[in-house]
*Asks:* 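One structure coming up, written as C-alpha coordinates, with questions to follow.
What you see below is based on every heavy atom in this structure, not just the backbone, and it leaves out hydrogens, waters and symmetry mates. Starting from 1, each residue takes its place in the sequence as its number. In each ligand, atom 1 is the first atom listed, and ligand 1 is the first ligand listed.
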Amino acid sequence: MTQQWHILGAGAIGSLWACHLVDAGFPVKLILHTQEKLDIFKQKNSILLADRAYPMTAELADATDTIDQLLITTKTVDTNAAFNSIQARINPGARLMVLQNGMGSQQWVQAQRPDTNVTWASTTDGAWLKAPFHLHHAGQGITHIGSPQQQCLPWITPLKNGFLTLEEDSDIRLTLWRKLAINCAINPLTALHRCKNGALINNPDYLSTMAAICREVELVAQASHIELFDGPLIEQACHVAEITAENYSSMLQDVQKGRQTEIDSITGYLCETAKSAGIPVPINLMLLNKIKQIQTT
Ligand SMILES: NC(=O)C1=CN([C@@H]2O[C@H](COP(=O)(O)OP(=O)(O)OC[C@H]3O[C@@H](n4cnc5c(N)ncnc54)[C@H](OP(=O)(O)O)[C@@H]3O)[C@@H](O)[C@H]2O)C=CC1
Ligand SMILES: CC(C)(CO)C(=O)C(=O)O
(Lines give C-alpha, C1' and ligand atoms only; values in the text may rest on other atoms or scores of the structure.)
(Ligands and ions follow the chains in the order given, each with its own letter.)
Protein backbone atom coordinates (compact mmCIF):
# COMPACT_ATOMS: atom_id res chain seq x y z
CA MET A 1 0.00 0.00 0.00
CA THR A 2 1.35 3.45 -0.93
CA GLN A 3 1.56 6.34 1.58
CA GLN A 4 -0.32 8.58 -0.86
CA TRP A 5 -3.68 10.04 0.16
CA HIS A 6 -6.16 11.00 -2.55
CA ILE A 7 -8.76 13.62 -1.62
CA LEU A 8 -12.16 13.60 -3.26
CA GLY A 9 -13.87 16.93 -2.59
CA ALA A 10 -11.18 19.60 -2.34
CA GLY A 11 -13.42 22.25 -0.79
CA ALA A 12 -13.05 23.73 2.68
CA ILE A 13 -12.70 20.55 4.76
CA GLY A 14 -10.91 18.58 2.01
CA SER A 15 -8.34 21.39 1.66
CA LEU A 16 -7.90 21.60 5.42
CA TRP A 17 -7.20 17.89 5.52
CA ALA A 18 -4.92 18.08 2.50
CA CYS A 19 -2.74 20.62 4.36
CA HIS A 20 -2.91 18.56 7.55
CA LEU A 21 -1.78 15.39 5.77
CA VAL A 22 1.10 17.22 4.06
CA ASP A 23 2.07 18.58 7.50
CA ALA A 24 1.99 15.00 8.82
CA GLY A 25 4.38 13.92 6.06
CA PHE A 26 2.04 12.25 3.56
CA PRO A 27 2.04 12.87 -0.21
CA VAL A 28 -1.39 14.24 -1.16
CA LYS A 29 -3.22 14.25 -4.49
CA LEU A 30 -6.47 16.19 -4.98
CA ILE A 31 -9.08 14.75 -7.34
CA LEU A 32 -10.72 17.78 -8.96
CA HIS A 33 -13.83 17.62 -11.08
CA THR A 34 -13.26 20.35 -13.62
CA GLN A 35 -10.36 21.19 -15.92
CA GLU A 36 -10.87 24.83 -14.91
CA LYS A 37 -10.12 24.01 -11.24
CA LEU A 38 -7.13 21.91 -12.26
CA ASP A 39 -5.75 24.79 -14.34
CA ILE A 40 -6.10 27.16 -11.36
CA PHE A 41 -4.42 24.62 -9.06
CA LYS A 42 -1.49 24.16 -11.43
CA GLN A 43 -0.58 27.85 -11.15
CA LYS A 44 0.77 27.15 -7.63
CA ASN A 45 0.61 23.36 -7.09
CA SER A 46 -0.21 23.99 -3.44
CA ILE A 47 -2.89 25.11 -0.99
CA LEU A 48 -2.32 28.34 0.92
CA LEU A 49 -3.25 28.33 4.63
CA ALA A 50 -2.19 31.02 7.11
CA ASP A 51 0.56 32.30 4.79
CA ARG A 52 2.06 28.83 4.34
CA ALA A 53 1.91 27.00 1.01
CA TYR A 54 1.37 23.25 1.41
CA PRO A 55 2.75 21.49 -1.71
CA MET A 56 0.71 18.70 -3.28
CA THR A 57 -0.48 17.45 -6.66
CA ALA A 58 -3.86 17.27 -8.38
CA GLU A 59 -5.58 15.40 -11.18
CA LEU A 60 -9.02 14.75 -12.66
CA ALA A 61 -11.21 11.71 -11.94
CA ASP A 62 -10.18 10.06 -15.21
CA ALA A 63 -6.50 9.81 -14.19
CA THR A 64 -5.20 6.25 -14.26
CA ASP A 65 -3.20 5.91 -11.02
CA THR A 66 -4.83 3.60 -8.51
CA ILE A 67 -6.04 4.60 -5.05
CA ASP A 68 -5.01 3.02 -1.72
CA GLN A 69 -6.05 5.78 0.70
CA LEU A 70 -8.99 8.03 -0.04
CA LEU A 71 -10.56 10.84 1.97
CA ILE A 72 -14.10 11.75 0.87
CA THR A 73 -15.03 15.32 1.73
CA THR A 74 -17.60 16.31 -0.87
CA LYS A 75 -20.94 17.62 0.34
CA THR A 76 -23.16 14.57 0.89
CA VAL A 77 -25.37 15.49 -2.07
CA ASP A 78 -22.34 14.98 -4.37
CA THR A 79 -20.99 11.76 -2.82
CA ASN A 80 -22.55 9.30 -5.26
CA ALA A 81 -21.50 11.06 -8.47
CA ALA A 82 -18.02 11.86 -7.17
CA PHE A 83 -17.43 8.33 -5.86
CA ASN A 84 -18.73 6.68 -9.03
CA SER A 85 -16.32 8.79 -11.08
CA ILE A 86 -13.29 7.14 -9.41
CA GLN A 87 -14.65 3.76 -8.18
CA ALA A 88 -12.71 1.74 -10.74
CA ARG A 89 -9.39 3.21 -9.55
CA ILE A 90 -9.78 2.06 -5.93
CA ASN A 91 -7.67 -0.98 -5.04
CA PRO A 92 -9.16 -3.85 -3.01
CA GLY A 93 -8.17 -3.40 0.64
CA ALA A 94 -7.93 0.40 0.26
CA ARG A 95 -8.64 2.72 3.21
CA LEU A 96 -11.59 5.02 2.60
CA MET A 97 -12.42 7.73 5.12
CA VAL A 98 -15.79 9.50 4.83
CA LEU A 99 -15.60 12.89 6.56
CA GLN A 100 -18.98 14.53 6.17
CA ASN A 101 -21.95 15.70 8.20
CA GLY A 102 -25.17 13.70 8.13
CA MET A 103 -25.66 9.97 7.75
CA GLY A 104 -26.24 7.62 4.86
CA SER A 105 -23.17 8.35 2.69
CA GLN A 106 -20.96 6.30 4.99
CA GLN A 107 -23.14 3.21 4.62
CA TRP A 108 -23.57 3.83 0.89
CA VAL A 109 -19.80 3.94 0.28
CA GLN A 110 -19.38 0.78 2.34
CA ALA A 111 -22.05 -0.99 0.29
CA GLN A 112 -20.40 0.05 -3.00
CA ARG A 113 -17.02 -1.37 -2.02
CA PRO A 114 -17.28 -4.09 0.64
CA ASP A 115 -13.73 -5.13 -0.35
CA THR A 116 -12.28 -1.92 1.21
CA ASN A 117 -11.90 -0.63 4.79
CA VAL A 118 -14.28 2.26 5.31
CA THR A 119 -13.90 4.55 8.33
CA TRP A 120 -16.28 7.30 9.34
CA ALA A 121 -15.22 10.70 10.61
CA SER A 122 -16.90 13.74 12.10
CA THR A 123 -15.30 17.10 12.75
CA THR A 124 -15.90 20.21 14.82
CA ASP A 125 -13.22 22.10 12.86
CA GLY A 126 -14.53 25.05 10.88
CA ALA A 127 -13.07 26.12 7.53
CA TRP A 128 -13.92 28.13 4.44
CA LEU A 129 -12.21 29.02 1.20
CA LYS A 130 -11.25 32.64 0.63
CA ALA A 131 -10.57 31.65 -2.99
CA PRO A 132 -9.90 28.31 -4.71
CA PHE A 133 -6.99 26.66 -2.90
CA HIS A 134 -6.70 29.56 -0.42
CA LEU A 135 -8.08 28.38 2.89
CA HIS A 136 -9.15 29.95 6.17
CA HIS A 137 -9.21 27.69 9.25
CA ALA A 138 -12.00 29.46 11.12
CA GLY A 139 -12.26 27.28 14.21
CA GLN A 140 -9.97 24.70 15.80
CA GLY A 141 -11.93 21.57 16.64
CA ILE A 142 -11.53 17.83 16.97
CA THR A 143 -11.94 15.19 14.30
CA HIS A 144 -13.33 11.90 15.56
CA ILE A 145 -12.45 8.85 13.47
CA GLY A 146 -13.78 5.34 13.88
CA SER A 147 -15.25 2.30 12.25
CA PRO A 148 -18.45 0.52 13.24
CA GLN A 149 -16.74 -2.74 12.17
CA GLN A 150 -13.18 -2.47 13.51
CA GLN A 151 -12.14 -1.38 17.00
CA CYS A 152 -8.41 -1.06 16.34
CA LEU A 153 -7.17 1.34 13.65
CA PRO A 154 -3.37 1.60 14.15
CA TRP A 155 -2.88 3.51 10.86
CA ILE A 156 -4.55 6.56 12.44
CA THR A 157 -1.54 7.17 14.74
CA PRO A 158 0.78 8.64 12.03
CA LEU A 159 -2.10 10.84 10.85
CA LYS A 160 -1.89 12.61 14.22
CA ASN A 161 1.46 14.17 13.28
CA GLY A 162 -0.17 17.11 11.49
CA PHE A 163 -1.68 20.29 12.97
CA LEU A 164 -5.28 19.07 13.38
CA THR A 165 -6.51 17.31 16.51
CA LEU A 166 -7.61 13.74 15.83
CA GLU A 167 -9.23 11.26 18.18
CA GLU A 168 -9.99 7.61 17.64
CA ASP A 169 -13.65 7.02 18.40
CA SER A 170 -14.88 3.62 19.52
CA ASP A 171 -18.51 4.68 18.95
CA ILE A 172 -18.36 6.82 15.81
CA ARG A 173 -21.98 5.96 14.98
CA LEU A 174 -23.08 7.64 18.21
CA THR A 175 -20.87 10.68 17.48
CA LEU A 176 -22.41 11.05 14.02
CA TRP A 177 -25.92 10.56 15.41
CA ARG A 178 -25.32 13.31 17.97
CA LYS A 179 -24.18 15.69 15.24
CA LEU A 180 -27.14 14.62 13.09
CA ALA A 181 -29.58 15.28 15.94
CA ILE A 182 -28.23 18.81 16.48
CA ASN A 183 -28.24 19.48 12.74
CA CYS A 184 -31.88 18.23 12.50
CA ALA A 185 -32.81 20.67 15.28
CA ILE A 186 -31.02 23.74 13.93
CA ASN A 187 -30.28 23.59 10.20
CA PRO A 188 -33.68 23.23 8.47
CA LEU A 189 -35.38 25.79 10.74
CA THR A 190 -32.68 28.40 10.15
CA ALA A 191 -32.78 27.72 6.41
CA LEU A 192 -36.57 28.02 6.36
CA HIS A 193 -36.73 31.24 8.38
CA ARG A 194 -33.44 32.58 6.96
CA CYS A 195 -32.25 33.43 10.45
CA LYS A 196 -29.07 33.15 12.47
CA ASN A 197 -28.78 30.16 14.83
CA GLY A 198 -29.39 32.42 17.84
CA ALA A 199 -32.89 33.39 16.60
CA LEU A 200 -34.06 29.85 17.34
CA ILE A 201 -33.77 30.45 21.07
CA ASN A 202 -35.00 34.05 21.06
CA ASN A 203 -38.20 33.52 19.07
CA PRO A 204 -40.80 31.51 21.09
CA ASP A 205 -42.44 30.06 17.93
CA TYR A 206 -39.14 28.83 16.52
CA LEU A 207 -38.17 27.47 19.94
CA SER A 208 -41.36 25.45 20.29
CA THR A 209 -40.89 23.99 16.77
CA MET A 210 -37.28 23.13 17.66
CA ALA A 211 -38.54 21.36 20.80
CA ALA A 212 -41.03 19.35 18.71
CA ILE A 213 -38.28 18.38 16.22
CA CYS A 214 -36.12 17.24 19.13
CA ARG A 215 -38.85 15.05 20.60
CA GLU A 216 -39.27 13.26 17.26
CA VAL A 217 -35.49 12.83 16.83
CA GLU A 218 -35.24 11.33 20.33
CA LEU A 219 -37.91 8.73 19.53
CA VAL A 220 -36.13 7.68 16.33
CA ALA A 221 -32.74 7.56 18.07
CA GLN A 222 -34.24 5.41 20.82
CA ALA A 223 -35.66 2.99 18.25
CA SER A 224 -32.16 2.81 16.69
CA HIS A 225 -30.68 1.98 20.13
CA ILE A 226 -28.85 5.31 20.24
CA GLU A 227 -28.65 7.05 23.61
CA LEU A 228 -28.15 10.59 22.40
CA PHE A 229 -27.26 12.75 25.43
CA ASP A 230 -27.59 12.53 29.21
CA GLY A 231 -30.23 15.27 29.21
CA PRO A 232 -32.99 16.12 26.70
CA LEU A 233 -31.89 16.91 23.13
CA ILE A 234 -33.60 20.32 23.24
CA GLU A 235 -31.17 21.40 25.98
CA GLN A 236 -28.17 20.46 23.80
CA ALA A 237 -29.72 22.09 20.74
CA CYS A 238 -30.36 25.33 22.68
CA HIS A 239 -26.79 25.25 23.99
CA VAL A 240 -25.36 24.87 20.45
CA ALA A 241 -27.71 27.58 19.12
CA GLU A 242 -26.52 29.84 21.92
CA ILE A 243 -22.77 29.32 21.40
CA THR A 244 -23.20 29.67 17.62
CA ALA A 245 -25.83 32.44 17.92
CA GLU A 246 -24.14 34.71 15.37
CA ASN A 247 -23.58 31.89 12.80
CA TYR A 248 -25.56 31.22 9.69
CA SER A 249 -26.00 27.43 9.56
CA SER A 250 -24.37 25.56 6.68
CA MET A 251 -27.85 24.76 5.32
CA LEU A 252 -28.89 28.41 5.28
CA GLN A 253 -25.61 29.30 3.56
CA ASP A 254 -26.29 26.66 0.88
CA VAL A 255 -29.84 28.02 0.37
CA GLN A 256 -28.55 31.60 0.15
CA LYS A 257 -25.98 30.57 -2.48
CA GLY A 258 -28.61 28.65 -4.49
CA ARG A 259 -26.80 25.33 -3.86
CA GLN A 260 -28.24 21.91 -3.03
CA THR A 261 -28.32 21.44 0.74
CA GLU A 262 -27.42 18.35 2.79
CA ILE A 263 -31.08 17.97 3.88
CA ASP A 264 -31.34 14.39 2.51
CA SER A 265 -28.53 13.14 4.72
CA ILE A 266 -29.75 15.04 7.79
CA THR A 267 -33.56 15.32 8.10
CA GLY A 268 -33.99 12.92 5.15
CA TYR A 269 -31.95 10.21 6.93
CA LEU A 270 -33.96 10.79 10.11
CA CYS A 271 -37.29 10.48 8.25
CA GLU A 272 -36.17 7.29 6.43
CA THR A 273 -35.05 5.73 9.71
CA ALA A 274 -38.36 6.76 11.32
CA LYS A 275 -40.31 5.18 8.46
CA SER A 276 -38.47 1.86 8.83
CA ALA A 277 -39.19 1.90 12.58
CA GLY A 278 -42.86 2.93 12.08
CA ILE A 279 -42.44 6.19 14.03
CA PRO A 280 -44.42 9.25 12.87
CA VAL A 281 -42.22 12.35 12.48
CA PRO A 282 -44.61 14.95 10.98
CA ILE A 283 -42.56 18.04 11.89
CA ASN A 284 -39.34 16.67 10.42
CA LEU A 285 -41.19 15.49 7.29
CA MET A 286 -42.74 18.93 6.86
CA LEU A 287 -39.26 20.52 7.12
CA LEU A 288 -37.76 17.98 4.69
CA ASN A 289 -40.42 18.82 2.11
CA LYS A 290 -40.15 22.58 2.64
CA ILE A 291 -36.37 22.63 2.23
CA LYS A 292 -36.62 20.43 -0.87
CA GLN A 293 -39.19 22.86 -2.25
CA ILE A 294 -36.88 25.83 -1.55
CA GLN A 295 -34.03 24.02 -3.33
CA THR A 296 -36.02 23.57 -6.52
CA THR A 297 -37.34 27.14 -6.73
N1 LIG B 1 -16.77 23.67 6.10
C2 LIG B 1 -16.87 23.37 7.39
O3 LIG B 1 -16.46 24.16 8.26
C4 LIG B 1 -17.46 22.06 7.83
C5 LIG B 1 -17.95 21.13 6.93
N6 LIG B 1 -18.41 19.91 7.38
C7 LIG B 1 -18.90 18.90 6.44
O8 LIG B 1 -17.83 18.52 5.58
C9 LIG B 1 -18.34 18.14 4.29
C10 LIG B 1 -17.64 18.99 3.23
O11 LIG B 1 -18.03 20.35 3.46
P12 LIG B 1 -17.23 21.60 2.86
O13 LIG B 1 -15.80 21.29 2.75
O14 LIG B 1 -17.66 22.78 3.61
O15 LIG B 1 -17.86 21.66 1.38
P16 LIG B 1 -17.31 22.41 0.11
O17 LIG B 1 -18.48 22.71 -0.75
O18 LIG B 1 -16.38 23.50 0.51
O19 LIG B 1 -16.41 21.29 -0.59
C20 LIG B 1 -16.93 20.23 -1.32
C21 LIG B 1 -16.02 20.04 -2.51
O22 LIG B 1 -16.44 18.89 -3.24
C23 LIG B 1 -16.17 19.15 -4.61
N24 LIG B 1 -16.91 18.24 -5.48
C25 LIG B 1 -18.24 18.20 -5.73
N26 LIG B 1 -18.50 17.23 -6.63
C27 LIG B 1 -17.32 16.66 -6.96
C28 LIG B 1 -16.93 15.63 -7.85
N29 LIG B 1 -17.83 14.98 -8.60
N30 LIG B 1 -15.62 15.31 -7.95
C31 LIG B 1 -14.69 15.95 -7.22
N32 LIG B 1 -14.99 16.95 -6.35
C33 LIG B 1 -16.30 17.30 -6.23
C34 LIG B 1 -16.59 20.60 -4.78
O35 LIG B 1 -16.00 21.13 -5.94
P36 LIG B 1 -16.63 22.43 -6.65
O37 LIG B 1 -16.65 23.52 -5.63
O38 LIG B 1 -15.67 22.64 -7.77
O39 LIG B 1 -18.01 22.02 -7.07
C40 LIG B 1 -16.03 21.22 -3.50
O41 LIG B 1 -14.71 21.66 -3.70
C42 LIG B 1 -19.86 18.37 4.37
O43 LIG B 1 -20.52 17.19 4.68
C44 LIG B 1 -20.01 19.39 5.52
O45 LIG B 1 -21.27 19.32 6.15
C46 LIG B 1 -18.37 19.57 8.71
C47 LIG B 1 -17.91 20.46 9.64
C48 LIG B 1 -17.44 21.77 9.28
C1 LIG C 1 -23.82 23.22 14.61
C2 LIG C 1 -24.21 23.99 13.35
C3 LIG C 1 -25.68 24.15 13.30
C4 LIG C 1 -23.52 25.32 13.50
O5 LIG C 1 -23.93 26.27 12.58
C6 LIG C 1 -23.72 23.22 12.14
O7 LIG C 1 -23.11 22.18 12.27
C8 LIG C 1 -24.03 23.63 10.75
O9 LIG C 1 -24.26 24.81 10.50
O10 LIG C 1 -24.03 22.73 9.88
Side-chain angles (χ1 to χ4, degrees), residues 6-18 29-41 47 58-63 70-87 97-106 120-133 135-144 164 175-176 178-191 195-200 210 236-255 257 259-267 269:
H6 283 80
I7 298 195
L8 184 63
I13 291 296
S15 298
L16 183 67
W17 262 76
K29 200 173 265 190
L30 309 176
I31 304 174
L32 305 175
H33 70 144
T34 63
Q35 184 63 45
E36 190 193 351
K37 276 270 166 77
L38 187 58
D39 291 342
I40 298 173
F41 178 83
I47 290 178
E59 64 190 14
L60 295 176
D62 62 3
L70 177 70
L71 176 67
I72 302 173
T73 46
T74 59
K75 288 285 184 88
T76 50
V77 67
D78 295 317
T79 311
N80 299 17
F83 190 77
N84 287 336
S85 73
I86 53 139
Q87 261 260 42
M97 193 188 330
V98 183
L99 170 50
Q100 294 175 323
N101 279 348
M103 295 271 275
S105 276
Q106 301 85 354
W120 304 4
S122 175
T123 191
T124 53
D125 276 304
W128 50 273
L129 288 170
K130 294 180 178 178
F133 313 111
L135 183 67
H136 179 63
H137 190 186
Q140 283 277 353
I142 299 175
T143 303
H144 290 258
L164 294 177
T175 302
L176 276 156
R178 285 181 170 162
K179 185 100 201 251
L180 178 100
I182 298 293
N183 288 143
C184 282
I186 295 178
N187 293 26
L189 267 186
T190 54
C195 63
K196 288 181 178 176
N197 294 354
L200 300 184
M210 186 160 73
Q236 288 292 326
C238 285
H239 173 66
V240 174
E242 197 177 342
I243 59 174
T244 61
E246 288 306 308
N247 286 15
Y248 294 103
S249 75
S250 55
M251 194 169 287
L252 174 54
Q253 290 182 45
D254 285 338
V255 164
K257 288 177 184 155
R259 294 190 302 223
Q260 295 288 302
T261 71
E262 297 191 298
I263 191 74
D264 279 330
S265 52
I266 297 175
T267 309
Y269 180 84

*Asks:* Purely on distance, is any nitrogen or oxygen of Tyr248 under 3.5 Å from one on ligand 2?
*Replies:* no
*Asks:* Within less than 4.0 angstrom of ligand 1, does Ile31 place any heavy atom?
*Replies:* yes
*Asks:* Nearest heavy atom to atom 11 (O) of ligand 1 wins, so pick from His33, Lys179, Lys75, Glu262.
*Replies:* Lys75
*Asks:* Which protein non-hydrogen atom lies closest to atom 1 (C) of ligand 2, naming both residue and atom, and how far is it?
*Replies:* Val240 CG1, 3.8 Å
*Asks:* Answer yes or no for Ala127: is there a heavy-atom contact with ligand 1 below 4.0 Å?
*Replies:* yes
*Asks:* State whether the shortest distance between N or O atoms of Thr76 and N or O atoms of ligand 1 falls below 3.5 angstrom.
*Replies:* no
*Asks:* Going from CG on Leu8 to OG1 on Thr79, what distance comes out if it is rounded to the nearest 0.5 angstrom?
*Replies:* 8.5 Å
*Asks:* Is there a polar contact between ligand 2 and Ser249, counting only N or O atoms under 3.5 Å apart?
*Replies:* no
*Asks:* What part of Thr190, side chain from CB on, backbone N/CA/C/O, both or neither, has a heavy atom under 4.0 Å from ligand 2?
*Replies:* neither
*Asks:* Is there a polar contact between ligand 2 and Asn197, counting only N or O atoms under 3.5 Å apart?
*Replies:* yes
*Asks:* Using a 4.0 Å heavy-atom cut-off, say whether Ala61 meets ligand 1 through its side chain, its backbone, both or neither.
*Replies:* neither
*Asks:* What part of Leu129, side chain, backbone, both or neither, has a heavy atom within less than 4.0 angstrom of ligand 1?
*Replies:* neither
*Asks:* Looking at ligand 1, is there an atom of it that comes within less than 4.0 Å of some heavy atom belonging to Gly126?
*Replies:* yes
*Asks:* For atom 46 (C) of ligand 1, grab the closest protein heavy atom and report residue, atom and distance to one decimal in Å.
*Replies:* Asn101 OD1, 3.4 Å
